[in-house]
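Below: one structure, written as structure tokens.
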Amino acid sequence: MPLARMLRQVAGQMLGSPACGCWMPAPPLRFLGTSPRQIPADASFHSASFSGTDQPRVLITGGLGQLGVGLANFLRKRFGKDSVILSDIRKPPDHIFHSGPFIYSDILDYKNLREIVVNNRITWLFHYSALLSAVGEANVSLARAVNITGLHNVLDVAAEHNLRLFVPSTIGAFGPSSPRNPTPDLCVQRPRTIYGVSKVHAELMGEYYHYRYGLDFRCLRYPGIISADSQPGGGTTDYAVQIFHDAIKSGKFECNLKPSTRLPMMYIDDCLRATLEVMEAPAESLSMRTYNVNAMSFTPEDLTQEVLKHIPEFQITYNVDSVRQAIADSWPMNFDDSNARKDWGWKHDFDLPELVTTMLNFYGSDTRIAQAN
């Protein structure tokens, strides 16, 4: 047999692909599957530790969602433009494409994800690919694939290549049987959305991989995140973003939740800082792998009253969406994040007045107020 052909055949056997070099569907090399490489019972994989002078090589999946672009910009300021790779399956706008490295990455394609990690020497992975609550309920099968199967691919790649892995969780990981005010880190979790179920699954699988394989898994349960430079992405808390768009554009807003619906919220700057802080926290300071983080808790009525201080002519009406309202009624009203504050020093900067001022200034409220006056 010619040497080249023999090498192709050996490589094909090792990679689970045919020796001919053509691609055929085959089970990827998994830790928890039927791949040729089974994990020994006493296996232990430990993520690389980073000294103060080391710079992580970062990959962000689902990077064109509400948080990915902001996180990339935030991390690039810290670690350098070329050290942070943004990825998604969608075509990025020009300004995002030219702001730093961007590549195509489909988390449902295990081989593609593995190649990206290897070729770019990735050491930190932020896994933001997910269908949010309301969108997930409209397409459960897709949410199951993206939020659960995609997570399994990410966990396997992270464990195999010694990555430090961050997976965000959510207030949606709790359900109507959970204590709601406040909701502690550890309590009953019985969510009633595919989004929430998939996030509980992510929390538990990440913790399992940590104790079973030594994966450096870190997770924060985000409250509703409010950001000025991104569009709402289909979440139940999105009213708290859309209200600012509409207040500036027309002075009117139709809310799809009841005025008394209280939910925990956070401004994006606090969210991004919390994410980096927990990733940089020494492993020995972490008493758990999933933490609640919180900044404020308010209702649509609370938010409206604060907006009226800036735009007195602002008007709000209510047209309650039964699906979103049912979701919100099963979620925490307030987060207990005392463990995050104790273990790694979490402290928020933005309360409701600062949030509203910042958002309205971003959208140019000065012009609208001047016109009204």
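At a threshold of 4.5 Å between side-chain heavy atoms, the hydrophobic network of Ile, Leu, Val, Met, Phe, Trp and Tyr places Leu360 and Tyr239 in one connected group. Linking Ile, Leu, Val, Met, Phe, Trp and Tyr whenever their side-chain heavy atoms come within less than 4.5 Å puts Phe362 and Val241 in one cluster. Val320 and Phe298 are members of different hydrophobic clusters when ILVMFWY side chains are connected at heavy-atom separations under 4.5 Å. In terms of hydrophobic clustering, with Ile, Leu, Val, Met, Phe, Trp and Tyr side chains grouped at heavy-atom distances under 4.5 Å, Ile116 and Val118 are assigned to different clusters. Linking ILVMFWY residues whenever their side-chain heavy atoms come closer than 4.5 Å, directly or via other members, places Leu151 and Tyr213 in the same cluster.
Side chains of Val117 and Leu163 form a contact here, defined as non-hydrogen atoms less than 4.5 Å apart. Ile194 is listed as a side-chain neighbour of Glu137, based on a closest heavy-atom distance under 4.5 Å. Counting heavy atoms from C-beta on, the side chains of Phe314 and Ile243 come closer than 4.5 Å. Using a 4.5 Å heavy-atom cutoff, the side chains of Arg164 and Glu280 are not in contact. Residues Ser105 and Leu113 are in side-chain contact: their nearest non-hydrogen atoms beyond the backbone lie under 4.5 Å apart. Side-chain contact between Leu355 and Pro353 is absent, with no heavy atoms from C-beta onward closer than 4.5 Å. Side-chain contact between Asn147 and Tyr195 is present, with heavy atoms from C-beta onward closer than 4.5 Å. Proximity of Arg192 to Ser177: side-chain heavy atoms (C-beta onward) are nowhere separated by under 4.5 Å.
Under the 3.5 Å distance criterion, the side-chain polar atoms of Gln189 are left unmatched by any main-chain donor or acceptor of Ser178. In terms of modelled atom types and a separation under 3.5 Å, the side chain of Ser297 and the main chain of Met333 share a donor-acceptor contact. Listed for the Asp321 side chain is no donor-acceptor partner under 3.5 Å among the backbone atoms of Asn256. Judged by distance alone, with hydrogens and angles left aside, the side-chain atoms of Arg221 form no donor-acceptor pair with the main-chain N or O of Asp337 at under 3.5 Å. When atom types are taken as modelled, the side chain of Asn292 and the backbone of Thr183 share a donor-acceptor pair closer than 3.5 angstrom. A donor-acceptor pair is defined here as one N or O able to donate and one able to accept, closer than 3.5 Å; no such pair exists between the side chain of Trp344 and the backbone of Met279. A donor-acceptor contact shorter than 3.5 Å links the side chain of Arg180 to the backbone of Trp331. One N or O on the side chain of Lys199 and one on the backbone of Pro168 form a donor-acceptor pair closer than 3.5 Å. No donor-acceptor pair closer than 3.5 Å links the side chain of Asn120 to the backbone N or O of Ile122. Between the side chain of Arg121 and the main chain of Arg57, no donor-acceptor pair closer than 3.5 Å is present.
Using a 4.0 Å cut-off between charged side-chain N and carboxylate O, Asp216 and Arg289 make a salt bridge. Under the 4.0 Å criterion applied to side-chain N and carboxylate O atoms, Lys111 and Glu115 are assigned as salt-bridge partners.
Here the options are Leu165, Asp156, Leu204, the test is side chain to side chain contact (heavy atoms under 4.5 Å, CB included), and the partner is Tyr209; only Asp156 passes. Each of Thr170, Ile171, Leu67 was compared with Tyr222 under the side chain to side chain contact (heavy atoms under 4.5 Å, CB included) criterion, and only Leu67 meets it.
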Q) Run the side chain to side chain contact (heavy atoms under 4.5 Å, CB included) check on Tyr318 and Lys258 step by step: do they pass? A) CA-CA 7 Å; Tyr318 294 92; Lys258 296 177 181 178; 6.0 Å; no
(Q) Set out, in order, the CA-CA distance, both residues' side-chain angles and the distance that settles side chain to side chain contact (heavy atoms under 4.5 Å, CB included) for Met205 and Val167, then state yes or no. (A) CA-CA 11 Å; Met205 286 296 290; Val167 178; over 6 Å; no
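In plain terms, the two heavy atoms of Tyr363 and Ser227 that are nearest each other are OH-O, 4.2 Å. When all heavy atoms are compared, the tightest approach of Leu108 to Gly150 is CD2-N, 3.7 Å. Residues Phe217 and Ala202 come closest through the heavy atom pair CZ-O, 3.7 Å. The nearest pair of heavy atoms linking Phe244 to Ile226 is CE1-CG2, 4.4 Å. Between Pro223 and Met266, the shortest heavy-atom distance links the atoms CG-CB, 3.6 Å. When all heavy atoms are compared, the tightest approach of Ser330 to Ile327 is OG-O, 2.7 Å.
When only modelled atom types and interatomic distance are considered, His210 and Arg218 share no side-chain donor-acceptor pair under 3.5 Å. Side-chain atoms of Gln325 and Asp329 form a donor-acceptor pair, as typed in the model, at a separation below 3.5 Å. If you check the side chains of Thr290 and Glu203, you find no donor sitting under 3.5 Å from an acceptor. There is a side-chain donor-acceptor pair under 3.5 Å between Thr236 and Ser133.
Under the ring pair (Phe, Tyr, Trp, His ring centres under 6.0 Å) criterion, Phe126 pairs with Phe166, not counting sequence neighbours.
With values rounded to the nearest 0.5 angstrom, Phe335 atom CZ is found 10.0 Å from Leu263 atom CG. From Leu59, atom CG reaches atom OG of Ser87 across 4.5 Å, with rounding to the nearest 0.5 Å. Annotation: the span from Glu354 atom CD to Glu306 atom CD amounts to 8.5 Å, rounded to 0.5 Å. Atoms CD1 and NZ, on Ile316 and Lys252 in that order, are 13.5 Å from each other to the nearest 0.5 Å. Between the CE atom of Met296 and the CG atom of Leu352 there is a distance of 6.5 Å, given to the nearest 0.5 Å. Note that the CG atom of Leu308 and the CD atom of Gln315 stand 9.5 Å from one another [nearest 0.5 Å].
Through chains of ILVMFWY side-chain contacts below 4.5 Å, Tyr104 is grouped with Ile89.
Within the structure, the salt bridge (Lys or Arg N to Asp or Glu O under 4.0 Å) test picks out the following pairs touching residues 261-274 (sequence neighbours left out): Arg262-Asp302, Asp270-Arg273, Arg273-Glu277, Arg273-Asp349.
Shown here is Phe97, whose CZ atom has no more than 12 heavy atoms of other residues, nucleotides or ligands within 6.0 Å. A 6.0 Å sphere centred on CG of Asp94 holds no more than 12 heavy atoms belonging to other residues, nucleotides or ligands.
Note: Tyr267 and Phe350 have tilted aromatic rings, judged against thresholds of 30 and 60 degrees for the angle between ring planes.
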